Amino acid sequence: MASNYVPAEIEKKWQQRWSAEGLYEAKDDDPRPRRYELTMFPYPSGDLHIGHWYAMAPSDVHARFKRMQGYNVLHPMGFDAFGLPAENAAIKHGVHPYIWTMRNIEQMRAQLRSMGSMYDWSREVVSCQPEYYRWTQWFFLKFYEAGLAYRAEAPVNWCPSCQTVLANEQVLANGECERCGTPVTRKELAQWFFRITKYADELLSYDGLDWSERLMTIQRNWIGRSVGAEIAFRLEREVAGVRELRVFTTRPDTIFGVTFVVIAPEHPLVAHLTTPERKAEVEQYIAWTRRQSEIERQSTEHEKTGVFIGSYVINQLNGARVPIWTSDYVLLSYGTGVVMGVPAHDTRDFEFAKRYGVDIKVVVAPPDWSGGELAEAYLGHGTMVNSGQFNGLPSQQGAEAICDFMEQKGLGKRTVTYRIRDWLVSRQRYWGAPIPMVYCDRCGIVPVPEKDLPVLLPPDAEFKPTGESPLKYCASFVNTTCPACGGPARRETDTMDTFMCSNWYFIRYTSPGYDKGPFDPEKVRMWMPVNLYTGGIEHAVLHLLYSRFFVKALRDIGLVKFSEPFIKMFNQGPIVQGKHKMSKSRGNVVAPDQYVAEVGADAVRAYLMFIGPWDQGGEWNDSGLVGMSRWLNRVWNMVTEGYQPSAVGTEEEKALRRMAHTSIKRVTQDLEAFRFNTMLARLMELTNYLGDVQEAGTVSVQAWDEAVERLLLLLAPSTPHLAEELWERTGHAFSIHNRQWPGWDEELTREDEITLVVQVNGKLRDRVTVSASITEAEAREVALGRERVRAHVGNKQVRRLVYVPGKLVNIVV
RNA sequence: GCCGAAGUGGCGGAACUGGUAGACGCGACAGUCUCAAAAACUGUUGAGGGGCAACUCUCGUGUCGGUUCGAGCCCGACCUUCGGCACCA
């Protein structure tokens, strides 16, 4: 007697059984080939929403599929547990961030289990726990030793709302804070940086990686490599011990067109180079640029302004005396902070020169140029003119010649500049890993000895944001002794950017309990690098770039042997609700719980995959969920109902086998390529087909059972509970998830008959069912003989006949 | 401004390397069951036209043009949407 499909019952039952049997625990000594499939760990905001499921369900399906294919799959989960929301919630509700975070983790763990994912919970990692952040701090010390961490006073991004500094990567293109949308301001602060720029070049190489072009482009743009030359302009007189101004240019071929030089207003040499009679005006200008917001200043519509500062430099290639100006269109942070002005061949310089009446000297002839004035800057290449000995050269060749010449004479050199800046890791907030450094009046900056790690967060700190770290006001934390001299000293009170925590969690999963180091080197050799990493593309220049840098740094320090953390990266699209990506802070989250209660986790998992291609994301809309539920019910009823053959036919059995084998093939290929939507469509088709066969009773019991078995195996990754339950009910032993993924026989997928399409002048006129082995001559004959074809051909002459084997005949008249 | 991705029924989306456009699902309509409704099941469903009918014709993948026996797919121009970078020298 068939019973009803009650997801709530079977899902709970199997989740408990899987957990009790440790079914999904990846054993280090398992002889099967190892495979590491990872999903970005979530921030424990409190509630798992549909967006989380969208990221996690398909990756779980893929991991399950690989597991059935015979891999020893490591598929872990953890929590990215440091960060601002915990602290903000703590301030709001008067609860300690640790309590708040751990409570959320408990809740989310239960919700994650309700999804029926194959996470290996024995390896869970929680980044805010001392046994974890101890090693985050340890890495900081290693970076410091290796010269990759340094403290510097620099103008930094400041979010007035979050009351902390931000990395460049955390400031949106419009100048707003990535977290809260508040316009970011500038602040001059002494902060800790990681030398990511040292790896700029290596980070541009993706050899051996299977990453999307889109993702690589985002990272390449961010790194922003420019090839050019650094050129020295001699100062007329030495100032502050400096004899020359160096500029960076990508167009050394235009050096003879320099009619002014521009220095960034914040440049330390401005004060020295300003002549007394220009002083008042220059200072007034600099004060004015300071008042400009970052957004105003960075805008391309921003008008070019500037002042002449009184001094001159000599262009050493032609001896020209060139005035020095200062203007806020030149950025101190890029290149050398000084730019050579070539108005004829640079849009910005042109605009500037027009406004201030500076000479415009053409040195690369535009096509059809008659020697007259330019209406706008000519940016292209051409023949060099007004360039002394280099006249007549094509400008690209001329650039090389000029570089050779400058290098010989010591006037400049070829060089490469990057847009990317060093990673600012200090944060003026409580809820993060304390930076393990001590300041001693006698010894200066002293690292905390490894044996004294972790530097624990004091539980009794007041975490109200004041613009400085709350730790600064916690006397018991700040006051310490100098590890070097034993005298009184103060601790660094800033904490680390949480992206430092997420730089290595994937390595920690390989040996989560290890306490002799951040990871067990042997286990890392076994599991790393990650074979498949999935997560949102919003981390392109954050987590994904930082982690690549981090791993390269570890390699150079000698801690790991690999250079890239993630071999294949797949970015799922965002799941949006009302135009915006679902997030708790935005308040537009949709909880899966109600849906799970109504139709079961299996239906929700499958529905999320069915919405569309995984990398496209989409608007959340539950209207189609019922269809998924209907389908699973049909599967349930069909399988539990039993099968009675009536008129068994060998043709029908053959057709059923063909359907099964083509389904296996397509489902397998779709899973390999993350095409979950079409995989499910195919499974539905197979179900529909089986339904018809069941009704007709045209195959033997064995053939039926075999087909059902295959359907269940194909369903196992997507709807693990339903597949497991039906597997048991059809008399199989626990567990379907330990069974081998079915293979297909290409021979059995072949059709005996095909539909031959007949076109006349490219228009579909008829379809004929013919033997798959039809010859061209036969196909022509069949096509020309069809009545409907003849009606369209009439008595026109057949000019040509195109035959595509197995597909169509096109008659051209 | 530069770079990249994408535009297909009422909706989400299929369509392998140029070869049957609209798979699969939602919704809608009709039917079965029911006192009725819900659920479930069955059928129809791109638009327009012709025919009593089996059927048949025309149009149709953002717009315009091109290549080809044949274009959703390739090429050119444009429109729209989304994303990245942007005074980066």
Side-chain angles (χ1 to χ4, degrees), chain A residues 172-174 212-226 228 247-251 254 262 264 297-304 327-331 333-342 345-349 351-352 417-421 537-538 540-541 573-574 579 606-607 610-613 615-619 621-628 630-631 633-634 637 666 669 675 677-688 691 755-767 788 791-792 799-813:
Chain A
L172 301 177
N174 61 8
S212 71
E213 210 40 63
R214 176 167 173 229
L215 179 52
M216 292 189 290
T217 303
I218 293 175
Q219 290 199 346
R220 286 196 192 106
N221 282 346
W222 183 259
I223 294 166
R225 184 176 197 264
S226 291
V247 305
F248 172 75
T249 179
T250 54
R251 291 294 299 275
T254 64
V262 193
R297 181 168 167 183
Q298 300 261 321
S299 159
T300 26
E301 278 96 69
H302 191 52
E303 240 182 278
K304 304 282 170 295
S327 169
D328 64 356
Y329 83 84
V330 172
L331 308 173
S333 56
Y334 187 76
T336 61
V338 188
V339 162
M340 63 185 210
V342 186
H345 305 293
D346 181 281
T347 316
R348 297 150 301 178
D349 298 346
E351 212 182 301
F352 190 83
T417 303
Y418 301 89
R419 205 189 79 90
I420 192 172
R421 303 265 70 87
I537 200 155
E538 68 274 13
V541 297
K579 271 284 190 191
Y607 179 60
F610 191 61
I611 291 175
D615 55 357
Q616 246 171 56
E619 170 95 32
N621 181 345
D622 60 15
S623 65
L625 184 56
V626 61
M628 198 49 69
R630 273 179 206 149
W631 171 51
N633 266 292
R634 276 208 311 278
N637 293 334
R666 301 242 315 246
Q669 290 173 344
R675 291 188 299 249
N677 55 332
T678 48
M679 168 195 74
L680 286 164
R682 186 62 187 181
L683 287 171
M684 288 174 186
E685 282 181 79
L686 177 60
T687 308
N688 294 344
T755 305
L756 186 73
V757 170
V758 187
Q759 298 178 331
V760 177
N761 287 341
K763 282 195 173 154
L764 174 77
R765 292 305 176 193
D766 204 0
R767 290 168 235 230
R788 287 169 54 195
H792 282 94
R799 284 201 302 161
R800 195 172 157 188
L801 204 142
V802 181
Y803 175 65
V804 182
K807 283 250 166 66
L808 64 78
V809 174
N810 186 14
I811 301 158
V812 187
V813 295

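Both backbone and side-chain heavy atoms feed into the values below; hydrogens, waters and symmetry mates do not. Proteins get letters first, then strands, A, B, ... in listed order; numbering begins at 1 in each. Not measured: the values here are computed from a predicted model.
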Check every strand shown and say whether [X] touches a base, only sugar-phosphate, or nothing at a heavy-atom separation below 4.0 Å.
{"X": "A/E685", "value": "sugar-phosphate"}
{"X": "A/R634", "value": "sugar-phosphate"}
{"X": "A/H345", "value": "nothing"}
{"X": "A/D349", "value": "nothing"}
{"X": "A/V339", "value": "base"}
{"X": "A/R348", "value": "base"}
{"X": "A/W631", "value": "nothing"}

[N] versus [M] - spacing of their [atom1] atoms, nearest Å:
{"N": "B/U63", "M": "B/C11", "atom1": "P", "value": "15 Å"}
{"N": "B/U32", "M": "B/G22", "atom1": "P", "value": "31 Å"}
{"N": "B/G4", "M": "B/G50", "atom1": "P", "value": "50 Å"}
{"N": "B/G12", "M": "B/U17", "atom1": "C1'", "value": "27 Å"}
{"N": "B/G72", "M": "B/G66", "atom1": "P", "value": "15 Å"}
{"N": "B/A36", "M": "B/C26", "atom1": "P", "value": "26 Å"}
{"N": "B/A47", "M": "B/G10", "atom1": "P", "value": "7 Å"}
{"N": "B/U80", "M": "B/A23", "atom1": "C1'", "value": "28 Å"}

Please report the interatomic distance [atom1]([X]) to [atom2]([Y]), rounded to the nearest 0.5 Å.
{"X": "A/W631", "Y": "A/N688", "atom1": "CH2", "atom2": "CG", "value": "10.0 Å"}
{"X": "A/R675", "Y": "A/Q669", "atom1": "CZ", "atom2": "CD", "value": "7.0 Å"}
{"X": "A/L808", "Y": "A/D766", "atom1": "CG", "atom2": "CG", "value": "12.5 Å"}

Report the distance from atom [atom1] of [X] to atom [atom2] of [N], rounded to the nearest whole Å.
{"X": "A/H792", "N": "B/U56", "atom1": "NE2", "atom2": "P", "result": "10 Å"}
{"X": "A/M684", "N": "B/A23", "atom1": "CE", "atom2": "C1'", "result": "12 Å"}
{"X": "A/N761", "N": "B/A71", "atom1": "CG", "atom2": "P", "result": "11 Å"}
{"X": "A/I811", "N": "B/G70", "atom1": "CD1", "atom2": "P", "result": "15 Å"}
{"X": "A/D622", "N": "B/G27", "atom1": "CG", "atom2": "C1'", "result": "13 Å"}
{"X": "A/I420", "N": "B/C85", "atom1": "CD1", "atom2": "C1'", "result": "14 Å"}
{"X": "A/M216", "N": "B/A5", "atom1": "CE", "atom2": "P", "result": "12 Å"}
{"X": "A/E213", "N": "B/A5", "atom1": "CD", "atom2": "P", "result": "9 Å"}

A/R348 with A/E351: basic N within carboxylate O range, under 4.0 Å: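 Salt bridge flag = no for A/E351 with A/R348.
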Go nucleotide by nucleotide along RNA chain B from the 5' end; which of A/L808 and A/F248 gets its closest nucleotide reached first?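 Nearer the 5' end of the strand: A/L808.
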If you pin A/N688 and A/N810 to their nearest nucleotides in RNA chain B, which one's is more 5'?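 It is A/N688 whose nearest nucleotide is closer to the 5' end.
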Side-chain N or O of [X] versus OP1/OP2 of [N]: is the shortest distance under 4.0 Å?
{"X": "A/R800", "N": "B/C69", "answer": "yes"}
{"X": "A/R630", "N": "B/A40", "answer": "yes"}
{"X": "A/R788", "N": "B/U56", "answer": "yes"}
{"X": "A/R765", "N": "B/U58", "answer": "yes"}

Side chain of [X] (C-beta onward), nearest among [options]:
{"X": "A/V802", "options": "B/C87, B/A89, B/G19", "value": "B/G19"}
{"X": "A/L764", "options": "B/A21, B/G19, B/A89", "value": "B/A21"}
{"X": "A/T755", "options": "B/G19, B/C24, B/U20", "value": "B/U20"}
{"X": "A/L331", "options": "B/C88, B/A21, B/A23", "value": "B/C88"}

Sole residue of A/V758, A/N761, A/V760 in side chain to side chain contact (heavy atoms under 4.5 Å, CB included) with A/H792: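 Testing A/H792 for a side chain to side chain contact (heavy atoms under 4.5 Å, CB included) against A/V758, A/N761, A/V760 leaves exactly one candidate, A/V760.
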For B/G70, measure the glycosidic angle (O4'-C1'-N9-C4 for a purine, O4'-C1'-N1-C2 for a pyrimidine) and name it syn if it falls within 90° of 0, otherwise anti.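 Classified anti.
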Could you tell me whether the side chain of A/R788 and the main chain of A/R765 form a donor-acceptor pair under 3.5 Å?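 Yes; at least one donor-acceptor contact below 3.5 Å.
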Could you check whether any side-chain N or O of A/R421 sits under 3.5 Å from a backbone N or O of A/S333, counting only pairs where one atom can act as donor and the other as acceptor?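 Yes, A/R421 side chain to A/S333 backbone: donor-acceptor pair under 3.5 Å.
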Please determine whether any donor N or O and acceptor N or O are separated by less than 3.5 Å between the side chain of A/N221 and the base of B/C85.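 Looking at the base of B/C85, it does not pair with any donor or acceptor on the side chain of A/N221 (distance under 3.5 Å).
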Taking any strand in view, what nucleotide pairs with B/C2 in a Watson-Crick or G-U wobble way, both distances under 3.5 Å?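 Pairing partner, where one exists within any strand: B/G84.
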For B/C64, the Watson-Crick or wobble partner whose two distances fall under 3.5 Å: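 Base-paired to B/G76.
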Where along nucleotides 12-18 of chain B does protein come under 4.0 Å, by heavy atom, of base (B) or sugar-phosphate alone (S), with - for untouched nucleotides? BSS-B--
